[in-house]
Amino acid sequence: MSAAIEDGVVALASAIARGETTSEAITRTALSRLETRGRRFNGVVLIEAERALSQAREVDAARAAGKPLGLLAGVPMAHKDLFYRTGRIAACGSKIRRGFKPSLTATALSRLDEAGAVDCGTLHMAEFALSPTGYNEHEGHGLNPWNPDHVCGGSSSGSGIAVASACVPAALGSDTGGSIRHPSAMCGVTGLKPTHGAVSLAGAMPLSATLDCVGPLARHARDVARLHDVLAGYDAADPTTFGAPPGRCEAALTGHARGLRMARPVGYYAEALDDEVAAALDEACRVFTELGATATETTPPDMGRINSLMHLVMSVEAATLHRQWLESQPQDYADQVRGRIEPGLFYPATRYVEALAMRGPLTREWIETVIGAADCAILPTLPLAVPTIAETTDGSPEDVAAVIGRVTRNTRGINYLGLPAVALPCGFSASGLPISMQIVGRPWSEPLLLRIADAFQRVTCLHEALPPDLDLTAENT
Amino acid sequence: MKQEEGLAFVAGDLNNSLETAARTARHRPLVLDTNAVVRKAADQLVSLDSSPQSFAALKSEFEPHS
């Protein structure tokens, strides 16, 4: 086989287009891996083999007939179980929506379809996208492919699992407080939380429309760039979207970081930081310096205030959507999940509107103080090593809340600010689990952020590491 | 009735669920703390000319052009 799933979206699409392999062959491998290792790590909800193979054969037939192919033609993927496809159950990780069949298809899925991607099925997620660890009381925990005793990150848990274990080269996730970046960080892959409004939310289960973002997870930044180019842009079904010029991200991947200025915020982002995370970030900054970039320390504003605002907006919007179910069937929510929504019932409407009114000024303040004169900011995605499942479920509610609070410490504020952020591997802990950094930029700076991530990956190759016990050699022959 | 119990009652009453109010009384420390933080920030940053569309306005300043 000329290209393997772990080689990524761009490599696979090229190999299929050149006739070096077929979409059907690659898709069969993906389906087999989803069935075996995807299920082993509890990353899979539904596998649609016949549908996927039919799509794959259509692509192969189109290529044989000399027809033009899309940017993702024949590449198998699977996605978080909250992207609606007409007639296919989208349970959203919940008991309440276990049999829900939507009557529309998400714009994000439609755009992948139009680009020729093959949809293999749906992936594990936290209940209603409300856990940063992959916790799901109804479906069981997602397991980390690097060590199944550890959490895999959520709420796009299956997306992280499926990409890290090379079941598929890319998957869609959604991010309201870090739900693309957590599984990317914990599973050792690359994920993009775009600028709010860059990608249509239409047909994706809403949690908090003001904060929700749709974005890709993949092994390589260049794959993330291609997917974002396909996904981004105006959609009449989501009037918050903006019609950015097309094809900006992949075209921006020059491989160079020379002359770029990077801000490394201290203060809040340097506090409560595990030593090995700090060391990995130091090493990443050294790599960027070798690439010709410069790093400057900056000081963030009051992040406690921003985190409070994020919590208020998220819980109010989620409580609005869930109120009737909270009244009629509260027992069908996991206690941990219900507890994240219910506070939204209590806040006065004046606080909510104030939170929206302050979003612009506080985002401007963050950009000015954290990024300043630089092009972007670099900070840890997680301040701690990937926790164990036991650390996030056992013990007193206060202990569990403290660990979960640390998991989201560096991510949730970015959603209130609405800024784009790329999470990518920057090292490994002593126990062999991934460590991740996030590169955060000004609104609409996805091309620059992905250029920086791609330049880093061209010289470090950390993103190419595979979890232990995956016998790819045997499967690729 | 204590202040905290009143908060839970009012929220539950307005949301048509006194059971919710009773159950969610456990959230009152978080709600009261967050409310205080946001109100204090709003005292400094929100005025007659503030808009809930403030973020959309900021984003538009950075929009790329082809």
Side-chain angles (χ1 to χ4, degrees), chain A residues 195-198 210 240 242-246 248 302 304-309 311-313 315 319 323-324 326-328 330 338-339 341-348 350-365 367 397 401 416-419 441-447, chain B:
Chain A
T195 307
H196 187 268
T210 298
T240 66
F242 166 68
R248 299 162 60 232
D302 180 355
R305 182 165 70 175
I306 288 171
N307 288 338
S308 290
L309 285 156
H311 157 73
L312 189 148
V313 171
S315 63
R323 180 180 59 80
Q324 294 178 53
L326 288 173
E327 292 174 12
S328 63
R338 202 176 63 224
I341 304 173
E342 284 174 337
L345 296 169
F346 292 79
Y347 294 108
T350 42
R351 286 297 95 72
Y352 173 71
V353 178
E354 286 167 352
L356 297 182
M358 288 186 279
R359 196 181 187 197
L362 289 175
T363 301
R364 186 184 304 282
E365 179 191 37
I367 291 170
Y416 176 75
L417 302 169
L419 300 173
R442 295 178 175 82
W444 313 115
S445 64
E446 288 88 345
Chain B
M1 183 182 290
K2 294 178 184 175
Q3 179 191 359
E4 296 83 5
E5 291 167 347
L7 175 68
F9 178 82
V10 169
D13 192 32
L14 294 180
N15 284 299
N16 195 29
S17 174
L18 293 178
E19 287 180 13
T20 301
R23 194 176 61 249
T24 54
R26 63 181 167 141
H27 301 306
R28 63 180 183 247
L30 171 65
V31 170
L32 290 173
D33 181 59
T34 302
N35 190 71
V37 169
V38 175
R39 188 176 59 192
K40 184 179 174 186
D43 287 345
Q44 299 168 345
L45 295 170
V46 177
S47 72
L48 184 65
D49 299 315
S50 295
S51 165
Q53 297 297 319
S54 66
F55 177 65
L58 174 84
K59 266 196 312 187
S60 67
E61 293 177 26
F62 292 89
E63 282 178 1
H65 303 286
S66 42

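For the numbers below, each heavy atom of this structure counts, side chains included, while hydrogens, waters and symmetry mates do not. Lettering follows sequence order; numbering is per chain, from 1. In this text, all values refer to a predicted model and were calculated from it rather than measured experimentally.
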More than 12 non-hydrogen atoms from neighbouring residues, nucleotides or ligands closer than 6.0 Å to CD on B/Glu61, yes or no?
yes
Answer key: most heavy-atom pairs under 4.5 Å with chain B among A/Arg359, A/His311, A/His196, A/Arg248 is A/Arg359
Minimum heavy-atom separation for B/Leu58 to A/Gly360, with atom names?
CD2-O, 4.1 Å
How long is the span from the CG atom in B/Leu45 to the CD atom in A/Glu365, to the nearest 0.5 Å?
7.5 Å
Measuring heavy-atom distances to chain B, does A/Arg442 have an atom under 4.5 Å in its side chain, in its backbone, in both, or in neither?
side chain
Can you say whether A/Leu362 sits under 4.5 Å from chain B via the side chain, the backbone, both, or neither, judging by heavy atoms?
side chain
Check whether any side-chain heavy atom of A/Phe242 sits under 4.5 Å from a side-chain heavy atom of B/Lys59, and report yes or no.
no
Against chain A, work out which of B/Ala42, B/Ser54, B/Ser50 has the most heavy-atom pairs shorter than 4.5 Å and name it.
B/Ser54
Side-chain heavy-atom pair B/Val38, A/Met358 within 4.5 angstrom cut-off:
yes
For B/Gln53, which atoms come within 4.5 Å of any heavy atom of chain A: side chain, backbone, both, or neither?
neither
Please rank A/Val353, A/Leu309, A/Thr210, A/Asp302 by heavy-atom pairs under 4.5 Å with chain B and give me the top one.
A/Leu309
Rounding to 0.5 Å, atoms OG1 (A/Thr363) and CZ (B/Phe62) come to a distance of 9.5 Å
Can you tell me which of A/Pro361, A/Pro447, A/Gly418 forms the most heavy-atom pairs within a distance under 4.5 Å of chain B?
A/Gly418
Among the listed options A/Gly304, A/Gly339, A/Gly243, the residue most often paired with chain B at heavy-atom distances under 4.5 Å:
A/Gly339
For the NZ atom of B/Lys40 and the CZ atom of A/Arg305, what is their distance to the nearest 0.5 Å?
9.0 Å
Distance (rounded to the nearest 0.5 Å) between B/Thr34 OG1 and A/Phe346 CZ
12.0 Å
What's the spacing between B/His27 NE2 and A/Tyr347 OH if we round to 0.5 Å?
9.5 Å
At a heavy-atom separation under 4.5 Å, does B/Ala41 approach chain A through its side chain, its backbone, both, or neither?
both
Engaged part of A/Thr195 at the chain B interface, taking heavy atoms whose separation is under 4.5 Å:
side chain
